[in-house]
Structure formats: C-alpha cells, structure tokens
Trainee: 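There's a structure below that I have some questions on.
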Amino acid sequence: KLMSVVDGKKKYLEEVNDEAFSQKMMGDGIAVVPSVGKVYAPASGRVSMLFPTYHAIGLILTDGVEVLIHIGIDTVEMDGEGFKSYVHVGDVVEEGTLLIEFDVEKIKNAGYETDVMVIITQLSQYSLIHKTEADELTIQDVILDIQ
C-alpha cells in the first residue's frame, strides 16, 4: 500500500498532459494535482535516485517496489528553481518523511503544470494495482494497493 505523496486532487495518468506518463511508458500509477508543495514518502524505503534539479526522485520500498515520483510536467526546464530536497541518494526514509518541497505558484508562473506523478516502474512483477476511488487526497490516504 502506498500513501499519497502530496495533498491534492486525484488525476488518472491517462489524463496527464505528457505522453510518457499518459501512455504509461515509465510504468503505471496515479497523479495528484497538488494543493501544497510538499512531497512525502509513500512508504518506508530507500532513496535510489534524485535528479539534481529535485523535480524527480526514485525510491525502492522496503518490500522491493520501485517508485518514481515526478513533480510537474517539463519542470526539469526550471533547473531546480523553486525546488528543495530534504534527502539524498542512499537515505533510508519512513512513510511520511518529507522528501521535497516545491513552489506550486512558481511552477505555474513559469508556465508548467504541477501534476505530481507516482509511478510503479517495474509493473511486470505485480498482478494488480488498485487505484484510490477518492478525488480529494491527503498524505494519510492510500492511493495505490499493489499485489
């Protein structure tokens, strides 16, 4: 079970305005339109990857599930402006650990969408990903149930 990484409104990946995500080229999952610019760990695990621009982070959860969290569409172009990381590659994190802060308004003002994608990258190993039915999400809500 993965908790929401950010407070906001659920958005299905198919609705995301980026072909790589909407076509599930990187894996399956869910997106959240954030109401607050704070990304938290969806479960316990280890930071496996962190882009230098802090717009994307990879986690390997305690049970081996690999998760990619990507903040915004094309936000790599912001070159880290408006993003702050609280973790480093190799850090062990607990569910609910603050990973990254980002400036929602700065992203919007730069002309980018703020959708936060939560992607399970190695789908072939799992038989079912159940996505939450809820529309409004907080970090206390389960968003994905993987089996």
Trainee: According to a 4.5 Å side-chain heavy-atom criterion applied to Ile, Leu, Val, Met, Phe, Trp and Tyr, with indirect links allowed, do Ile73 and Tyr54 form part of one hydrophobic cluster?
Mentor: no
Trainee: Take Asp103 and Asn109, measure what side chain to side chain contact (heavy atoms under 4.5 Å, CB included) needs, and give me the verdict at the end.
Mentor: CA-CA 10 Å; Asp103 189 325; Asn109 292 338; over 6 Å; no
Trainee: Any heavy-atom pair between the side chains of Ile120 and Val67 that's under 4.5 Å?
Mentor: yes
Trainee: How long is the straight-line distance from CG of Leu99 back to CD of Glu101, given to the nearest 0.5 Å?
Mentor: 11.0 Å
Trainee: Under 3.5 Å, is there a donor-acceptor pair between the side chain of Asp141 and the main chain of Ile143?
Mentor: no
Trainee: With rounding to the nearest 0.5 angstrom, report the CG to CE distance, Asp28 to Met117.
Mentor: 13.5 Å
Trainee: Would you say Val118 and Phe102 are hydrophobically clustered, going by side-chain heavy atoms of ILVMFWY under 4.5 Å?
Mentor: yes
Trainee: Checking the side chain of Gln122 only, and the main-chain atoms of Gly64 only, is there a donor and an acceptor separated by less than 3.5 Å?
Mentor: yes
Trainee: Is it true that Met3 and Val6 fall in one hydrophobic cluster, defined by side-chain heavy atoms closer than 4.5 Å?
Mentor: no
Trainee: Would you name the heavy atoms of Val104 and Val36 that are closest together and state the gap between them?
Mentor: CG2-C, 4.1 Å
Trainee: Looking at side-chain heavy atoms only, is the closest gap between Leu144 and Ile30 below 4.5 Å?
Mentor: yes
Trainee: Consider side-chain hydrogen bond (donor to acceptor under 3.5 Å, both in side chains). Of His130, Lys1, Lys131, which one does Asp145 pass it with?
Mentor: Lys1
Trainee: For Met26 versus Ala20, what's the shortest heavy-atom pair and its separation?
Mentor: CE-CB, 3.4 Å
Trainee: Please, which pairs that meet ring pair (Phe, Tyr, Trp, His ring centres under 6.0 Å) have at least one residue in residues 77-101, sequence neighbours excluded?
Mentor: none
Trainee: Please report the shortest heavy-atom distance between Thr97 and Glu94, naming the atom on each side.
Mentor: OG1-O, 2.7 Å
Trainee: Sub-3.5 Å donor-acceptor pair from the side chain of Ser44 to the main-chain atoms of Glu95, do we have one?
Mentor: yes
Trainee: Let me check something: any side-chain donor-acceptor pairs from residues 74-81 under 3.5 Å, sequence neighbours excluded? List them with distances.
Mentor:
| residue | atom | partner | partner atom | Å |
| --- | --- | --- | --- | --- |
| Thr75 | OG1 | Ile71 | O | 2.5 |
| Glu81 | OE2 | Lys106 | NZ | 3.1 |

Trainee: Just wondering, do Val87 and Ile57 contact through their side chains at under 4.5 Å, heavy atoms?
Mentor: yes
Trainee: Under a 4.5 Å side-chain heavy-atom rule over Ile, Leu, Val, Met, Phe, Trp and Tyr, are Val65 and Met49 clustered together?
Mentor: no
Trainee: Can you confirm whether the side chains of Glu14 and Ser22 place a donor and an acceptor under 3.5 Å from each other?
Mentor: no
Trainee: Are any side-chain N or O atoms of Lys10 and backbone N or O atoms of Glu133, one a donor and one an acceptor, separated by less than 3.5 Å?
Mentor: yes
Trainee: Quick one, Asp115 with Phe21, criterion side chain to side chain contact (heavy atoms under 4.5 Å, CB included). Give me CA distance, side-chain angles, the key distance, then yes/no.
Mentor: CA-CA 11 Å; Asp115 300 356; Phe21 293 111; over 6 Å; no
Trainee: Does the side chain of Tyr40 come within less than 4.5 Å of Leu98's, by heavy atoms?
Mentor: yes
Trainee: Say whether Leu2 and Leu68 are linked into one hydrophobic cluster, either directly or through other cluster members, by side-chain heavy-atom distances under 4.5 angstrom.
Mentor: no
Trainee: Flag the pair Ile69 / Pro42 as yes when at least one side-chain heavy-atom distance between them is below 4.5 Å, and no otherwise.
Mentor: yes
Trainee: So do the side chains of Arg46 and Ile60 get within less than 4.5 Å of each other, counting heavy atoms only?
Mentor: yes
Trainee: Evaluate the side chain to side chain contact (heavy atoms under 4.5 Å, CB included) criterion for residues Thr132 and Val142: first the C-alpha distance (whole Å), next the side-chain angles of each, then the deciding distance (0.1 Å), finally the verdict.
Mentor: CA-CA 7 Å; Thr132 182; Val142 174; over 6 Å; no
Trainee: Counting only N and O atoms by type, is there a donor-acceptor contact under 3.5 Å from the side chain of Thr121 to the main-chain atoms of Gly27?
Mentor: no
Trainee: What I'd like to find out is whether the side chain of Leu13 reaches to under 4.5 Å of the side chain of Ile119, using heavy atoms alone.
Mentor: yes
Trainee: Any side-chain heavy-atom pair from Leu59 and Leu61 closer than 4.5 angstrom?
Mentor: yes
Trainee: Tell me the closest heavy-atom pair linking Leu137 and Ser4, and the distance in Å.
Mentor: CB-OG, 4.0 Å
